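Take a look at the structure set out below.
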2 protein chains.
Amino acid sequence: MPTRSHIPRPAARRLSLYLRECESLLTQGVPTASSESLGARLGLSAAQVRRDLAYVAQAGQRGVGYDMATLVTVLQEGFGLERPWRAVLVGVGNIGRALLSYAPFRESRVAIVAAVDCDPATIGSQWGGRTVESMQSLGEVVRRGGIELGVIAVPASAAQLAADDLVAAGVRGILNFAPVQVTVPEGTACSHVDVSVELRCLAMEVALGGEHRPRRGRVGARSR
Amino acid sequence: MPTRSHIPRPAARRLSLYLRECESLLTQGVPTASSESLGARLGLSAAQVRRDLAYVAQAGQRGVGYDMATLVTVLQEGFGLERPWRAVLVGVGNIGRALLSYAPFRESRVAIVAAVDCDPATIGSQWGGRTVESMQSLGEVVRRGGIELGVIAVPASAAQLAADDLVAAGVRGILNFAPVQVTVPEGTACSHVDVSVELRCLAMEVALGGEHRPRRGRVGARSR
DNA sequence: TTATGTGAATATCTTCACAGCG
DNA sequence: CGCTGTGAAGATATTCACATAA
């Protein structure tokens, strides 16, 4: 399978959207879809869809379109999702609880399977079937659970410490919800979801009116 | 104020980070910072910082650096943040409640000031000082509150309807947390925060190991 | 005929490197 | 000097347009 080594980053993010869309279409019983129709659903041009999909596989059939079942398989493989991924949540505040309660993170291919917090009042409580453990036990939680990813949902002031702890515990990728940049050593992936930034950018876009040229879609997070 | 018309999109997202960083430095009593040091804090190259900041203003002083106070003002103006922005939340489930409880959205320049839901059991409840109103009253809530932005935090299946309702109510920008693409008419801004996508991309990045070339930072969301 | 896959053209973004201001 | 602002170069990403396969 010629999963090309160098998929452009923006394309990689879109591939995740294709995957979800294809899964959805597949469960709806749609066996096949063209780049045109996929693009329409996701707000992308047909050319873009074809280019992106060509990065991971020759999964289309000329004159017909893409076979959803094949595409789902190929995309999952491209994302390393043929095996499940386990994540630990650090920080069980408002955002943390929302994440724990969010259905897709209980069962899906990449799931939050454990949570830790430093507040004694929170430790021991249950959320979406997981019991919150102490911050100190993070290392053990990670080891015991075979956990590879960490999610940071602590206040900004504690985010860097949380990141350090996660790295020390052996996690290989971090998703940070705190509104600060965290630094991680080379070799650890780290992306950032910042809701305040999103809202601000939205305000800016509205403020600037339509004058921003109307490019097609984008999905995002920052990483290094 | 020569706020140049065409700020590249990626630059615009970073400007939001500069703004936050500068606000933070300012409250810490740091009067001035160089592109070098700002870049170090945000994981960006000095050249990038200079280029980005040059889009909004000649706010730097050669040989010295950027004056934090000036920069904050200029950036706020660039973002249309010299006036406050008000947003309404649609959908008071787990994510919705987290957003309502999230301190920065209560007070800051762009705040969530109202919430609606269609579940009678939720309507009337209070979260972070806002009382949840009925979905039907959305139009009136928007009008009464002078609201310009909408935040969608409903299940995927209801997201498009929520978007339609928001547009009908006269909102000019939408931030969508539901894991589906929503379509909005020309002239309405719409960006998308998709936590599942982020986690998946993180898994992919880890799966692919370090082989992805180590570019510098990025922040993100999709929009059109 | 329909719809993919892809070179080539274009548009966008980032980095380099240095002139020039304070 | 030190550090910004910016042309020009380089790298990435997107779109076009068409040969090609079913």
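Throughout, a chain's letter reflects where its sequence line sits, starting with A, and its residues are numbered from 1. This is a predicted model, so every value here is computed, not measured.
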Here the distance between atom C1' of dT4(D) and atom CG of Leu44(B), to the nearest Å, is 17 Å
Which nucleotide sits closest to the side chain of Pro10(A): dG5(C), dT14(D), dC16(C)?
-> dT14(D)
How far does CZ of Arg200(A) sit from CG of Leu175(B), to the nearest 0.5 angstrom?
-> 13.5 Å
Could you work out which one of dT14(C), dT15(C), dT4(C) sits closest to the side chain of Ser45(B)?
-> dT15(C)
Atom-pair distance (CD1 on Ile7(B); P on dC13(C)), nearest Å | 11 Å
May I have the distance from Gln58(B) (atom CD) to dG22(C) (atom P), rounded to whole angstrom?
-> 12 Å
Please tell me if the side chains of Ile174(B) and Val167(B) come closer than 4.5 Å, counting only heavy atoms from C-beta onward.
-> yes
Starting at atom CD of Glu36(B), determine the distance to atom P of dA17(C), rounded to an integer number of angstrom.
-> 15 Å
Hey, does the side chain of Gln48(A) come within less than 4.0 Å of dT15(D)'s phosphate (OP1/OP2), counting only N and O?
-> yes
Whole-Å distance separating the OH atom of Tyr66(B) from the C1' atom of dC3(D) | 8 Å
Any side-chain heavy atom of Tyr18(A) sitting closer than 4.5 Å to one from Val56(A)?
-> no
Gly60(B) or Asp52(A), whichever maps to the more 5' nucleotide of DNA chain D = Gly60(B)
Is there a side-chain contact between Val195(B) and Phe105(A) (heavy atoms, below 4.5 Å)?
-> yes
Any idea which of dG22(C), dC13(C), dT14(C) is nearest the Arg9(B) side chain?
-> dC13(C)
Starting at atom CG of Leu71(A), determine the distance to atom C1' of dT4(C), rounded to an integer number of angstrom.
-> 13 Å
Return yes if the base of dT15(D) and the side-chain atoms of Arg51(A) contain a donor-acceptor N/O pair under 3.5 Å, otherwise no.
-> yes
Counting heavy atoms from C-beta on, name the nucleotide in dT4(D), dT14(C), dT6(D) closest to the side chain of Ser34(B).
-> dT4(D)
Nearest to side-chain heavy atoms of Arg62(A), which nucleotide of dA21(D), dA13(D), dT6(D) | dA21(D)
Spacing of Asp67(A) atom CG relative to dA3(C) atom C1', expressed in whole Å | 15 Å
Hey, which sits more toward the 5' end of DNA chain D by its nearest nucleotide, Ala11(A) or Ala47(B)?
-> Ala47(B)
Is Glu148(B) salt-bridged to Arg83(B), cutoff N-O under 4.0 Å?
-> yes
Are any of the side-chain heavy atoms of Leu38(A) and Leu53(A) separated by less than 4.5 Å?
-> yes
Any side-chain N or O of Gln61(B) under 4.0 Å from OP1/OP2 of dT4(D)?
-> no
Is the shortest side-chain N to carboxylate O distance from Arg13(B) to Glu198(A) below 4.0 Å?
-> yes
Looking only at N and O atoms, is any donor in the side chain of Arg50(B) or the base of dG5(D) less than 3.5 Å from an acceptor on the other one?
-> yes
If only side-chain N and O atoms of Ser35(B) are considered, is one of them under 4.0 Å from the OP1 or OP2 phosphate oxygen of dC3(D)?
-> no
Take the C1' atoms of the five end pairs on each side of the helix from dT1(C)-dA22(D) to dG22(C)-dC1(D), derive the two axes, and give their angle rounded to 10 degrees.
-> 10°
Please answer whether the main-chain N or O of Leu199(A) pairs with a side-chain N or O of Trp85(B) as donor and acceptor at a distance below 3.5 Å.
-> no
So which nucleotide from dT14(C), dA22(D), dA13(D) ends up closest to the side chain of Tyr55(B)?
-> dT14(C)
